Structure formats: structure tokens, C-alpha cells
Trainee: 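My questions will all concern the structure given below.
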Amino acid sequence: MTALDKNPDPGATRAPGEPLVVLSGVDKWYGDLHVLQDINLSVRQGEVVVVIGPSGSGKSTLCRTINRLETIDRGSITLEGRPLPQEGKALAQLRAEVGMVFQSFNLFAHKTILENVTLGPTKVRRQPKAEADKRAHELLERVGVAHQAAKYPAQLSGGQQQRVAIARALAMDPKVMLFDEPTSALDPEMISEVLEVMVDLARRGMTMIVVTHEMGFARTAADRVVFMADGAIAEENDPESFFTAPQTPRAQDFLGKILKH
Amino acid sequence: MQAVLDDFPAYLEAFGYTVFLFLVSGVISLLIGTVLAAMRVGPVAVLRLVATVYVSLLRNTPLIIVFAFFAFTAPIFGIRFGWLDVSIGPFDFTAFFGAAVVSLSLYTSAFVCEALRSGVNAVPLGQAEAARALGLPFGGVMTQVVLPQAARASIPPLASVQIALLKNTSVAAVFGVGEAVSQMRSFNNDNADQRYTIALAFVIGYVVLVEVVSFFSARLEKRYRVTTA
């Protein structure tokens, strides 16, 4: 990990940018299950927010509501002050502005690596193919899989696939990137190659919301840690304070369990 | 068999009508079936309902009744095919042919829809989610990501549906189209002593045609196989 110097003074907060993503009073139910409970979260321009918490705490659901892959039952979510559109063209346009990286990569199985990265720019942004190809090659270079451009997703390792997925999202020049447990499906030795790409992104000033179990990443790259339990935000703090002195019993219990080993 | 060999051009011409019925209805049924499948998996509740009702109706009705509808009932409502009068070489395509094509196409499209839908269901949900997350609208998600993969998964069931269509063209014999079975009947009428060999000759014809369809299906399957190594 090379971004240890991101927060030279761990207690200090970063110069606040404009609020980019704002969730206020968000509630969501699956039947009787109250999966998101009165979520209030504001993510500023350039901020890296890491969402952690036990499984079933609603952190993935929270992440997926931000580009409306999950709908919400109450409250509001805004991107740059504009509420998320309900559906149709406006929603598609919003999604184009929000990059998403999935736990299971979800690369398009029938398209080559290059085509995976150029699909959005050519079909959504109507970029000329040559231009999209050029940019895709740059991005694939940046995430270290340029030489695999002509292959199909199934021919790549998990770590490589996830880095391609990051390049695919970046090709749309998103305003914010959502990461939904990007390393949870990876073999241990592939996790670091994905995290390195993410740390690099964070250093370049990308606004990121990252659901993860990687505490190392949270400590080194996050500006803020959001701890969720039972569908609610239980605690929010800068990483150093959160990991050294968690305030709530739930967070203390959680950290006690995962940091023990 | 001698009867067939003596008038082999009639045999070939009859199978020619079978092939025409199959090709035209096959293409139309694939088009309509694709639209129906998109409706059934789409986000618009009304379209889903319409497609579901259509599939239930057509799939649950015996083909011969669909034929009877377009031959006897539809004209009452002004749906006629009398305008159809095309000749290609020895083939004349008239109202009977038109009604047969419409019956076969509408009937088969319900099965095409379901074969495609099984293919769509075989595409992991994450594929569509990733496409939506990129900002593709529903149409783009379907045409760029879901349907190409669904089509691949649908090739075997689609081939079965199209093979069934090829054999179902024989129902048109009852409704005035001079296709293979109709010709077989007239051979039988004139040569009652050769019934078994005449049947054999026409069975061979169908087997050959179905084999051709199977061959193309296998080729498509091979060509669109997902590269994994």
C-alpha cells in the first residue's frame, strides 16, 4: 500500500468540497424487514467514504440505492443537488454519471475486455469508436491489464476482471464511484492488486463510496468511515478515531471480532 | 416408391412449399417472438400482461384451430389474404399460403418467446445490472447485453421450436397449400398399393430437412460459445 500518506494528520478532516451525494431520511423495507433506517449521509466532492459493518447490516443495499439499482421507500437521495430520477431516460443519464463496481465483477461475458470498456462510451455517450478505443486502452493500461484487451472476461483472473470493471466504470468519467464489496469475491493474493488501483483512484481525487471488509484500505484511503448495523448508521468518524476508539458498543464488538486475527 | 420417383418434380415442388412455409414463418416467428420476449421481461406492466396473455392463448391452442381461425373466422372480421398473389418459378403463393404463414408465425412466436425467455433467465442478473449501471436504457441493456447472451442460451430450445415449426407446416395441407403432406395424399390417392413406400419417401424428405436445421443450429451453438480458455 502506497497511500499511507494520504492523511498525514489522521485526526484532521479534509478541506470540505461541495456535497455531491446526499441521502436524507432514507428508509427501505423488504416486506417487514426494515433494511435501511433513516439514513442520513452526505458525501463531499473528492471524499472517500468507506462503509463497513456486519453482513446483513444494509451496507450493500445503501450503496445500490445511490444509482437506484435499489429503490427507496422514504426520504431522498440527491446527486449534485438533483434528486434521483424515478426511471426512464433521466435515470439512465444519472447512472452514466455514477460508476459502479460489483462484488462479482459482472463483466459482459460475450464481449472482449476492450468492448467491455468501450460499450458505455460508444452506446451511452455516443463517442466515436476510435476515441473510445484509445481511452479504453489508456484506462486498461492504468489498471494494468492492457495486454488482455482482446481476451474475454472468463479468460482473466478475478483480480484482473475486477480491475477491468473499474476501468469500465471510469470510462464514463463518473462523478462518483460506488464499490460494492469489490474484493469480497477475490482470492487473497488478488485483493491487493485491486486495492492498489482503488487507492490510486482515491489519490487522484475521485469521490468514492466503498463498501468493504478491507480494514487496511479503510485506514489508508478513507476520509471517513461509516459503520452500519441493523440497517442504520451506528457510527461515523475519521478512520483513525474509528479504529482506535470506536464509540458504540456495536462497533466495538464488530472491530473486536475482525481485528482479533 | 415408384410413384414418387416417376413424378419426382412434384415431390420436390411439394417440399419446396414446405420449405417456403418454414422459412417465411420461421423468420416472422423469430421477430415477433423476440418482441414478445422483450415485452415479457420488460419493465412495463401492461406490455408484460399483453405478451403473457398472447403466449397463453397461442401456446394453449391446437395449431389446427389457429389455422381454422384464419381460414374461416378471420375473413368474417375482414382479415383476408386474397390480395396475396405472387409467383416464383413454379410456386404460386396465394391466400391459402398467406393464411398458413400467419397461422404458423403467430403460433410459433409464442414458443419462440418462451425459448428466448428461458435464455434471458439464464443470463445472470448482474449482467443487466452492470449494463444499467453504465447508463444504458432498457433497450440498450437488452440489445447490447442480455439478448446476445440469451440468444446463445436459447439456441438449442429455439432449434427445437423451429424444427417443430418445420413439421407443423404439414397442417397447411388441410388448408389448401400444396406442401409435402398434401402431395403425399395425392400420391396415395393415385397409388394406393404403394402407401408404405410413399410415406417412407416423405419421411425421408422431412428427416433431411430437419437434419439441415439441426446442422445450422449446431454451427451457431459452436460459433457463439463463450470463450473460456
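Proteins get letters first, then strands, A, B, ... in listed order; numbering begins at 1 in each. The shown structure was predicted, so the numbers you read here are calculated from the model rather than taken from an experiment. We use all heavy atoms of the structure for the numbers below, so side chains are in, but hydrogens, waters and symmetry mates are not.
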Trainee: Crowded around R74(A) CZ? As in, over 12 foreign heavy atoms under 6.0 Å?
Mentor: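 Open.
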Trainee: What pairs with Y206(B) under ring-ring contact (aromatic ring centres under 6.0 Å, His included), at least two apart in sequence or on another chain?
Mentor: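 Once residues adjacent in sequence are excluded, the partners of Y206(B) under the ring-ring contact (aromatic ring centres under 6.0 Å, His included) criterion are F15(B).
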Trainee: Short question: side chain of Q127(B), backbone of L107(A) - any donor-acceptor pair under 3.5 Å?
Mentor: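 Yes, because the side chain of Q127(B) sits within donor-acceptor range (under 3.5 Å) of the backbone of L107(A).
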Trainee: Taking only distance into account, with no hydrogens and no angle test, what donor-acceptor pairs under 3.5 Å do side-chain atoms of residues 160-168 of chain B form with protein atoms, sequence neighbours excluded?
Mentor:
{"residue": "S160(B)", "atom": "OG", "partner": "P156(B)", "partner atom": "O", "Å": "3.4"}
{"residue": "Q162(B)", "atom": "NE2", "partner": "S29(B)", "partner atom": "OG", "Å": "3.4"}
{"residue": "N168(B)", "atom": "ND2", "partner": "A164(B)", "partner atom": "O", "Å": "3.3"}

Trainee: Give, for atom NE2 of H110(A) and atom CZ of R152(B), the distance between the pair rounded to the nearest 0.5 Å.
Mentor: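 It is 7.0 Å, given to the nearest 0.5 Å.
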Trainee: Surrounding CZ of F216(B) (heavy atoms of other residues, nucleotides or ligands, distance under 6.0 Å), is the total greater than 12?
Mentor: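 Atom CZ in F216(B) is not packed in, count stays at 12 or less.
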Trainee: Check whether any side-chain heavy atom of E129(B) sits under 4.5 Å from a side-chain heavy atom of M100(A), and report yes or no.
Mentor: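 They are not in contact (no side-chain heavy atoms under 4.5 Å apart), so the answer is no.
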Trainee: Write out, in numerical order, the residues from residues 112-131 of chain A with a heavy atom short of 4.5 Å from a heavy atom in chain B.
Mentor: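 Listed by number: L119(A), G120(A), K123(A), V124(A).
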Trainee: May I ask you to list the residues in residues 143-151 of chain A that approach chain B closer than 4.5 angstrom, counting heavy atoms only, ordered by number?
Mentor: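 Under the 4.5 Å heavy-atom cut-off, nothing qualifies.
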Trainee: Quick check on the interface: out of R168(A), R68(A), E97(A), Q93(A), who has the most heavy-atom pairs with chain B under 4.5 Å?
Mentor: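 So the answer, after comparing R168(A), R68(A), E97(A), Q93(A), is R168(A).
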Trainee: If you count the non-hydrogen atoms of other residues, nucleotides and ligands that lie under 6.0 Å from CD in E141(A), is the total more than 12?
Mentor: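 No, because the 6.0 Å sphere around CD of E141(A) holds 12 heavy atoms or fewer from other groups.
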Trainee: Nearest 0.5 Å please: distance from the CG atom of L134(B) over to the CE atom of M172(A).
Mentor: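 L134(B) CG to M172(A) CE: 6.0 Å, rounded to 0.5 Å.
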Trainee: Is it the case that more than 12 heavy atoms not belonging to F96(B) sit under 6.0 Å from its CZ atom?
Mentor: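 No, CZ of F96(B) has 12 or fewer neighbouring heavy atoms, counting only those of other groups under 6.0 Å.
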Trainee: Can any side-chain N or O of N67(A) pair as donor or acceptor with the backbone N or O of A133(B) at less than 3.5 Å?
Mentor: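 Absent.
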Trainee: Can you find a pair of side-chain heavy atoms, one from F108(A) and one from V146(B), that are under 4.5 Å apart?
Mentor: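 No, side chains not in contact.
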Trainee: For A131(B), is it the side chain, the backbone, both, or neither that has a heavy atom closer than 4.5 Å to a heavy atom of chain A?
Mentor: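 Both parts, backbone and side chain.
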Trainee: Can you measure from CD (Q149(B)) to NZ (K111(A)) and round to the nearest 0.5 angstrom?
Mentor: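 Going from the CD atom of Q149(B) to the NZ atom of K111(A) covers 9.0 Å.
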